[in-house]
S.K.: 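Got a structure for you, questions after.
Because only heavy atoms are used, hydrogens play no part in the values below, and waters and symmetry mates are left out as well, while side chains stay in.
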Amino acid sequence: MTGSDVTVIAADYFQSYSVVGLLAVVGVLFVAVAFGSGKLLRPVVPTREKFLTYECGVDPVGEGWAHTQVRYYVYAFLYVIFAVDSIFLFPWATVFAAPGYGATTLVEMFIFLGFLTVGLLYAYKKGVLTWT
């Protein structure tokens with residue numbers, strides 16, 4: 001490799017990063033202009049009602065503390081875990097069909113499914129999956 005070849009490769013390498021940097025700057029400017037124009041154009045009329053806490057259309061009455069069942073969040077986390085599992089199964093199926101990747105991807109997917117199975121068994125052992 002000559003010095004000019006290295007210069008060309010380095011220029012191509014840094015050009016790709018300059019495009020990413022330029023897009024990041026444009027994105028930050030876009031957000032800054034949007035927030036700035038919103039601040040300049042909105043009316044500022046403070047009233048007592050505007051300073052009240054807003055909770056989904058319900059007037060804030062009583063204490064701010066409420067008892068929440070944690071099990072609903074656990075079900076949501078379990079759903080997310082298995083949704084991520086299904087997202088990983090589709091690309092795995094396409095790679096598994098490619099020549100030369102069969103045994104490797106099969107072993108990797110069984111390791112992945114093993115981790116998910118251990119998590120599911122742990123949740124079952126802790127009684128998370130029983131509805132009370």
S.K.: Decide if atom CZ of Phe82 counts as having more than 12 heavy atoms of other residues, nucleotides or ligands within a radius under 6.0 Å.
M.R.: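 Check passes, neighbour count above 12.
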
S.K.: From Tyr124 OH over to Leu120 CG, what is the distance, rounded to the nearest 0.5 angstrom?
M.R.: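 Output value for this atom pair is 10.0 Å.
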
S.K.: Which distance, rounded to the nearest 0.5 Å, do you find between the CZ of Phe110 and the CZ of Phe115?
M.R.: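 The CZ atom of Phe115 is 15.0 Å from CZ of Phe110, to the nearest 0.5 Å.
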
S.K.: Please check if Val80 and Leu116 belong to a single hydrophobic cluster, counting links between Ile, Leu, Val, Met, Phe, Trp and Tyr side chain heavy atoms closer than 4.5 Å.
M.R.: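 Yes.
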
